[in-house]
Each structure stands twice: as structure tokens, then as C-alpha cells.
Amino acid sequence: MKKIPLWIDCDTGIDDAFALLVAHGLPALQIVGISTVSGNVHLEISTPNTLKVLQLAGASTPVYRGAAKPLCREYHDASEFHGPDGLGGAVLPQPLRSPEEKPMWDALYETAKALNGELTVATIGPMTNLATALQHYPDLPHYLKQVVFMGGSASGGNCTAYAEYNVYADPESLQMVCDSGIPLVMCPLDMTHSAYLTAGDLEDLAAANTPVTRFIHESSGVLLGKNLEAGLPGICQHDTCPLMYLAHPELFSGERAGVSVELRDEVTLGKTYVDFAAAEANALVLLKLDRPGFLAAAKAALLSY
Ligand code: RIB
Ligand code: CA
């Protein structure tokens with residue numbers, strides 16, 4: 001099986017950590033680089049969090065630091081959901097290695113050129129890094145196969161009534177990517193809300209009693225409790241969706257649409273407009289997920305360590 005060369009851009013919080021552990025357990029993916037950004041928590045925390053999770057996975061994937069703040073707005077974190085440490089209070093050993101010296105935009109461009117248009121980028125945090133890379137290297141779109149991103153919504157937000165967090169955190173960056181001409185696959189809340197684990201699913205995983213499953217149980221507890229109190233069925237693994245789509249596209253379905261972002265109105269700032277009747281669609285928008293299939297593939301990946 002030909003592996004998919006993949007670069008992951010993340011703001012390692014709880015579901016980013018879950019996604020990184022699943023991704024490194026999916027045989028179809030060849031993860032060639034990872035970059036970090038300020039999002040759920042600041043870059044100074046999301047970077048060591050990423051290194052700690054990779055260490056738990058036994059992965060030596062190079063990690064490159066990216067932007068500490070959005071393109072042109074103030075930085076807002078999501079620590080109310082992910083905890084001040086970004087990992088829900090779960091404790092992992094200090095990373096034995098450091099991030100690479102090179103900034104992510106230089107490393108991504110060099111990697112994309114070396115792979116001659118075969119590189120896929122998955123973004124699972126605010127799009128600041130990819131937008132910054134486009135500013136530094138305007139010809140980057142020629143060397144990327146596609147961008148698969150977790151972000152936005154066709155039907156209401158989770159950060160405001162209108163905007164999903166990754167887009168609200170840096171709306172201009174998503175608009176820049178939407179305008180770039182790079183083939184896009186969007187994983188909106190409409191679909192990622194189906195990618196949840198119940199308390200029972202988490203207990204099943206914890207029963208395996210491995211370092212990876214113990215970490216997932218420990219990092220999920222507080223957020224799971226908050227979600228259950230709010231009447232949600234479990235903890236959504238939003239960030240695993242782009243990576244699972246690449247490895248198991250058969251678990252997803254969607255439609256092409258024209259995607260754009262509200263940048264002016266302060267009330268609806270960060271709202272994603274998803275026009276399924278657009279004359280020129282710029283994205284495949286994934287709307288449906290086979291949840292049992294998703295769960296089975298994610299559990300298999302997590303139990304492969
Ligand atoms: O809205 C969900 C997204 O916001 C996920 O990427 C989660 O990690 C947070 O960044
Ligand atoms: Ca994220």
C-alpha cells in the first residue's frame with residue numbers, strides 16, 4: 001500500500017493529542033512533519049505538549065514551531081476546555097528532544113518541494129501557520145496536493161453562536177487558504193460532532209491499561225464530565241477526522257461547496273459560509289461520518305502501540 005505523505009499542523013490540546021496518537025497508529029499515513037501553533041493553548045505550551053505526545057507514541061517525527069499569535073488579531077486560547085496545560089491535567093514525562101530550529105514555514109516549503117506536489121497538509125488548529133507559509137512562499141500551492149482541515153461549520157459555532165474555534169481564532173488565515181487555489185477538504189462541526197467517544201468507549205480503551213490508553217483516559221476526564229453535564233453524549237474527537245479521512249475515506253461522505261469566511265461583522269466574525277450551489281466550489285465539505293467504523297479504526301490504532 002502506498003503511504004500518504006502527510007504534514008500535521010496542531011495546537012495540541014486534548015483532541016489534538018488523541019488525533020496524533022491515532023494518526024501514528026494508522027498504517028496508511030507517512031507523517032513527515034508536524035508544526036505547532038498558538039490555539040487551544042499558547043505555542044509555548046502546545047509545542048512541548050506535542051513533543052510529549054509523540055514521545056508517548058514512540059515517534060521521532062520532527063516538530064517545527066510556528067506562529068505565536070494570529071495573522072492580524074489578538075490571540076484567544078481555549079484553555080477553559082483543554083485546561084491551562086492543554087492536556088486536561090494529564091501528566092506526561094518531559095520531552096527528551098526539542099523542536100527543530102527552523103520555523104515551520106521554511107520546513108513545510110522545503111518538504112513540499114522535495115515531495116514534488118505529493119504532500120498533504122492536515123490542519124487541526126487555527127490556520128495561522130499555513131497562511132504564514134503562503135505569505136512567505138506564494139508558490140507553495142503548486143507543491144501541495146491538498147489541505148484537509150478541521151474547522152468551520154455549515155450550521156452554527158462552538159466558540160460563538162456562529163463561529164467554530166479554529167476559524168474564530170484566526171478567520172483571515174482560513175480565508176487566505178480558501179483563496180489559495182489549494183484543493184481543500186473541510187471537516188466542519190456538522191460532521192465532527194459525530195466523532196465522539198462515550199464514557200463507555202473511554203472505559204473500554206482504559207481497560208487495555210497501556211501508557212497510551214491511560215493517558216487518553218486521564219486527559220479526557222474533565223472535558224468529558226463537562227460535556228456530559230451539558231447534555232452531550234461524550235467527548236468529540238474533532239481533530240482525528242481529517243487524519244481518519246485520509247486513511248479511511250470510505251467512512252466519510254460530503255459535497256463540494258464554495259467556502260468563505262466572515263471577516264467584517266463583529267457578531268458573526270469567523271462564521272463559515274458553505275455554499276453548496278456555488279458556481280466554483282473550492283472545497284469538499286464532509287458532512288457524514290460512519291461513527292462505528294470511525295470508532296473501530298481509532299481504537300485499533302490506539303491499541304496498536
Ligand atoms: O472546534 C474544535 C477545534 O477547536 C479542535 O481543533 C480543538 O482542538 C480546538 O482547537
Ligand atoms: Ca485542535
Side-chain angles (χ1 to χ4, degrees), residues 7-23 34-43 45-50 52-54 63 66-67 69-70 75-88 90 104 121-130 147-171 173-174 177 185-197 216 219-220 222-224 226-227 230 232 234-245 261 269-272 274 285-286 289 298:
W7 183 289
I8 300 174
D9 189 74
C10 56
D11 59 335
T12 304
I14 295 170
D15 63 324
D16 303 70
F18 187 96
L20 290 171
L21 289 167
V22 169
I34 293 177
S35 45
T36 54
V37 68
S38 283
N40 288 323
V41 284
H42 191 277
L43 180 72
I45 301 174
S46 64
T47 303
N49 281 356
T50 302
K52 288 177 182 177
V53 171
L54 292 177
V63 174
K69 68 175 293 295
Y75 165 54
H76 298 287
D77 69 25
S79 56
E80 66 180 293
F81 299 102
H82 296 263
D85 67 350
L87 297 176
M104 70 74 59
V121 173
T123 67
I124 55 177
M127 282 260 201
T128 316
N129 283 346
L130 187 52
V147 170
V148 189
F149 69 96
M150 191 281 133
S153 162
S155 59
N158 63 356
C159 193
T160 72
Y162 305 94
E164 177 278 326
Y165 172 77
N166 285 341
V167 182
Y168 185 73
D170 193 343
S173 65
L174 176 57
V177 173
V185 179
M186 178 181 183
C187 296
L189 291 176
D190 312 74
M191 178 270 289
T192 64
H193 273 150
S194 306
Y196 63 87
L197 270 68
I216 287 168
S219 60
S220 304
V222 173
L223 187 52
L224 175 68
K226 283 184 180 175
N227 285 4
L232 295 174
I235 185 167
C236 288
Q237 301 304 342
H238 304 283
D239 289 343
T240 300
C241 292
L243 312 172
M244 189 64 78
Y245 166 74
V261 188
L269 178 68
K271 173 184 168 74
T272 43
V274 181
V285 179
L286 300 180
L289 165 70

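Counting convention: from 1, in listed order, for ligands and their atoms alike.
For ligand 1, the atoms lying closer than 4.0 Å to a non-hydrogen atom of Ile124 are 6 (O). Shown in contact with His238 at under 4.0 Å from a heavy atom are these atoms of ligand 1, numbered in order with element: 2 (C). Against a heavy-atom cut-off of under 4.0 Å, Asn158 is close to the following atoms of ligand 1: 1 (O), 2 (C). With ligand atoms numbered from 1 in the order given, ligand 1 contributes 10 (O) to contacts under 4.0 Å with heavy atoms of Asp11.
With contacts defined as side-chain heavy-atom distances shorter than 4.5 Å, the pair Met150/Pro242 qualifies. A 4.5 Å side-chain heavy-atom check between Cys236 and Asp15 finds every atom pair outside the cut-off.
Residue contacts with ligand 1 for Ile14 are absent, since no atom lies close enough (heavy atoms, distance under 4.0 Å). Contact annotation: for Asp16 versus ligand 1, heavy atoms closer than 4.0 Å belong to the side chain alone.
Thr12 pairs with exactly one of Val41, Leu87, Ile34 by the side chain to side chain contact (heavy atoms under 4.5 Å, CB included) rule, that one being Leu87. Paired with Thr128 under the rule side-chain hydrogen bond (donor to acceptor under 3.5 Å, both in side chains), one option of Asp170, Asp11, Asp9 passes, and it is Asp170. A side-chain hydrogen bond (donor to acceptor under 3.5 Å, both in side chains) with Asn40 is found for exactly one of Asp16, Asn49, Asp77, Asp239, namely Asp16.
Within the 3.5 Å criterion, the main-chain N or O of Thr240 finds no donor-acceptor partner in the side chain of Gln237. Distance alone, capped at 3.5 Å, places no donor-acceptor pair between the Thr123 side chain and the Gly125 backbone. Between the side chain of Ser79 and the backbone N or O of His82 there is no donor-acceptor pair closer than 3.5 Å.
The protein atom (non-hydrogen) at minimum distance from atom 9 (C) of ligand 1 is Asn40 OD1, 3.1 Å. With hydrogens left out, the protein atom closest to atom 6 (O) of ligand 1 is Asp239 OD1, 2.6 Å, a heavy atom. If you check which protein heavy atom lies closest to atom 8 (O) of ligand 1, you get Asp15 OD1, 2.5 Å. With respect to atom 2 (C) of ligand 1, the closest heavy atom belonging to the protein is Glu164 OE2, 3.4 Å.
Atoms CG and CG, from Leu286 and Asp190 in turn, are 10.5 Å apart once rounded to the nearest 0.5 Å.
Annotation: Met150 places no N or O atom under 3.5 Å from an N or O atom of ligand 1; distance criterion only.
Shown here is Tyr75, whose OH atom has more than 12 heavy atoms of other residues, nucleotides or ligands within 6.0 Å.
The shortest heavy-atom contact between Ala298 and Met244 is N-CE, 3.6 Å.
Within the sub-3.0 Å shell of the Ca ion (ligand 2), the protein contributes these N/O/S atoms: Asp11 OD1, Asp16 OD1, Asp16 OD2, Ile124 O, Asp239 OD2.
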